[in-house]
Amino acid sequence: MANIRLLKPRQIETLGVGTHADGGNLFLRVRSMNSRQWIFRYKRQGKVTEVSIGPTLDRKITEARDLAEEMRKAVRDGLNPATIVRKAASTGPLKFKDYAERINEHRRPTLRPGRHVEKFANSLRDYVYPFIGAKQPGDIGYQDVEDILKQPVTLKGKDGEHSFWSAKHETARRVRRRIEAVLDYADRVEGRDRRNPAAWKGGLEHSQLGRPTKVTHHPSLPYADIPSFMTELRRKSATSALCLQFIILTACRSGEARGATWSEIDLKARVWTIPPARTKMEREWRVPLSPPAIAILKSVRLLQKGPLSPLFPNSLGKSLTDVAVSKALKSLRPEVTVHGFRASFRTWGAETTSYSSEVLERALSHVDGNRLRAAYQRSDLLNERVKLAAEWAAFCVGGF
């Protein structure tokens with residue numbers, strides 16, 4: 001067959017994001033540096049259909065090409081080519097890790113880009129696979145899950161070992177839910193009817209895990225100290241310091257500012273529109289820009305290289321890292337975190353202004369936890385938040 005074996009072995013690990021043809025219905029789909037998958041694409045009843053052959057870590061290029069050849073023959077014979085892949089995978093009973101990887105591949109199209117898409121896989125790799133990755137799901141019980149959640153972990157800056165469930169409670173809770181999802185999926189596939197050993201209600205809630213008694217908040221700067229801190233910060237000209245100023249003035253999340261591009265900014269309307277894929281609540285969000293925030297953007301506009309270039313690029317023209325912005329803060333206030341400035345803003349708003357809690361919460365892009373109330377709160381209260389942003393900026397940097 002003409003035009004096959006187009007990809008060179010080296011390209012398999014170096015090609016950028018996109019779908020790359022190898023010929024003969026075989027494609028390499030790259031979603032990120034850590035997600036590279038073989039795809040077989042063919043027409044079925046006039047409709048293009050795709051079959052996953054597997055990630056490049058599991059399927060070398062020679063194996064993928066051999067499978068693609070068999071799948072082409074199946075299509076010519078009027079058979080379903082997916083059966084070829086299932087047959088190749090049926091070398092033994094599936095393990096927990098196999099099911100987890102299947103779920104993660106199914107979830108990828110619905111997840112936000114960036115680090116978010118890797119969190120599911122990475123948390124299982126770090127905390128779960130060493131315990132049950134090689135086990136068959138039917139052999140996993142309550143004690144296995146409890147052992148995972150009680151495993152000892154070390155904390156930076158603290159001596160000794162601590163329980164995963166107590167020391168990293170939020171991460172442990174997410175890991176438990178992910179184990180539960182994988183086991184649910186495996187039980188459905190294998191036709192097993194049982195109580196999920198990773199379920200909390202009626203199961204692990206009665207274990208010896210307990211709950212942490214202390215909730216750790218992000219250390220914040222008292223709002224009364226913000227003006228003097230901003231005076232110090234404005235003496236710094238580094239892009240990371242400008243980004244930190246912008247974060248404080250907009251009360252946004254660090255990742256939202258660091259990942260922002262010029263295509264999201266409307267300088268004339270003085271509004272920054274964050275697309276759904278980059279917001280925690282996964283919906284478009286408008287942020288009013290005060291005069292000082294606009295001034296910061298104008299000062300970095302010379303660095304702009306196109307609508308998709310970051311507002312605050314590093315020396316390579318890429319988005320700043322969390323570490324870079326944190327260093328700008330630590331050089332002045334080592335005891336404070338970047339995220340803590342959102343708490344500073346919220347306390348300032350509650351104690352010194354007459355804005356309602358609803359307006360203040362919307363300024364932080366928080367959604368009402370009460371689903372009924374949230375269903376009726378369609379407005380983003382932008383007009384009120386424009387005034388609030390101006391008052392917060394005046395407090396932070398004085399007259400402008």
Side-chain angles (χ1 to χ4, degrees), residues 1-9 11-13 15-32 34-111 113 117-118 120-121 124 129 133-140 178 180-194 196:
M1 177 180 286
N3 297 324
I4 62 172
R5 302 176 185 271
L6 301 176
L7 298 177
K8 295 180 172 58
Q11 291 179 296
I12 307 306
E13 301 302 325
L15 284 170
V17 173
T19 302
H20 311 280
D22 184 57
N25 304 82
L26 182 64
F27 295 81
L28 172 67
R29 175 163 296 158
V30 181
R31 295 188 187 278
S32 71
N34 297 318
S35 176
R36 296 171 180 272
Q37 187 177 34
W38 294 112
I39 298 293
F40 182 85
R41 184 182 289 173
Y42 70 106
K43 277 192 175 181
R44 183 180 183 182
Q45 297 177 344
K47 182 181 179 181
V48 175
T49 302
E50 293 185 347
V51 178
S52 171
I53 295 180
T56 57
L57 289 174
D58 296 340
R59 303 273 191 210
K60 301 303 179 186
I61 188 170
T62 52
E63 184 181 2
R65 285 168 173 168
D66 289 343
L67 281 172
E69 184 175 357
E70 290 188 52
M71 295 168 81
R72 286 195 297 272
K73 292 178 182 177
V75 172
R76 287 198 298 269
D77 294 339
L79 303 175
N80 185 349
T83 59
I84 304 298
V85 179
R86 287 197 290 267
K87 182 179 178 181
S90 61
T91 56
L94 294 178
K95 308 296 192 294
F96 178 90
K97 183 179 179 182
D98 299 322
Y99 281 110
E101 289 175 346
R102 282 189 180 186
I103 282 185
N104 205 28
E105 285 305 316
H106 294 161
R107 293 169 72 252
R108 281 185 184 278
T110 67
L111 296 178
V117 300
E118 307 301 334
F120 183 94
L124 295 182
Y129 292 162
K135 276 194 170 188
Q136 294 179 36
D139 295 335
I140 296 170
R178 288 163 186 167
E180 183 179 11
V182 173
L183 293 179
D184 265 345
Y185 174 62
D187 287 348
R188 286 198 303 273
V189 170
E190 298 180 6
R192 196 167 25 250
D193 184 14
R194 63 164 180 171
N196 192 314

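Reckoned from all heavy atoms, side chains included, excluding hydrogens, waters and symmetry mates.
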Between the side chain of N80 and the main-chain N/O of A82, is any donor-acceptor distance below 3.5 Å? yes

Could you measure the distance from the OH atom of Y129 to the NZ atom of K95? Nearest 0.5 Å is fine. 13.5 Å

Looking at side-chain heavy atoms only, is the closest gap between N25 and V75 below 4.5 Å? no

Is there a side-chain contact between F120 and I103, using heavy atoms and a 4.5 Å cut-off? yes

About how many Å separate CD1 of I84 and CZ of R72, when rounded to the nearest 0.5 Å? 12.0 Å

Roughly how far, to the nearest 0.5 Å, is the CZ atom of R29 from the CD1 atom of I39? 4.5 Å

Within-4.5 Å side-chain heavy-atom neighbours: F40 and L67: no

For the residue pair R102 and L94, establish whether any side-chain heavy-atom pair is separated by less than 4.5 Å. yes

Could you check whether any side-chain heavy atom of V85 comes within less than 4.5 Å of a side-chain heavy atom of M71, counting everything from C-beta outward? yes

Quick one: CD on E50 to CZ on F27, what's the gap to the nearest 0.5 Å? 8.0 Å

So, do Y99 and D184 sit near enough that their side-chain heavy atoms are less than 4.5 Å apart? no

Are R194 and L183 close enough that some pair of their side-chain heavy atoms sits under 4.5 Å apart? yes

Rounded to the nearest 0.5 Å, what's the gap from CD1 on I61 to NZ on K8? Could you check? 10.5 Å

Just jot down the salt bridge (Lys or Arg N to Asp or Glu O under 4.0 Å) partners of E190, sequence neighbours excluded, or say none. R192

For A100 and L124, the nearest pair of non-hydrogen atoms, with its separation, is CB-CD1, 3.7 Å

I need the I12 CD1 to R36 CZ distance, nearest 0.5 Å. 8.5 Å

Checking R41 side chain against V48 main chain: does a donor-acceptor pair fall under 3.5 Å? no

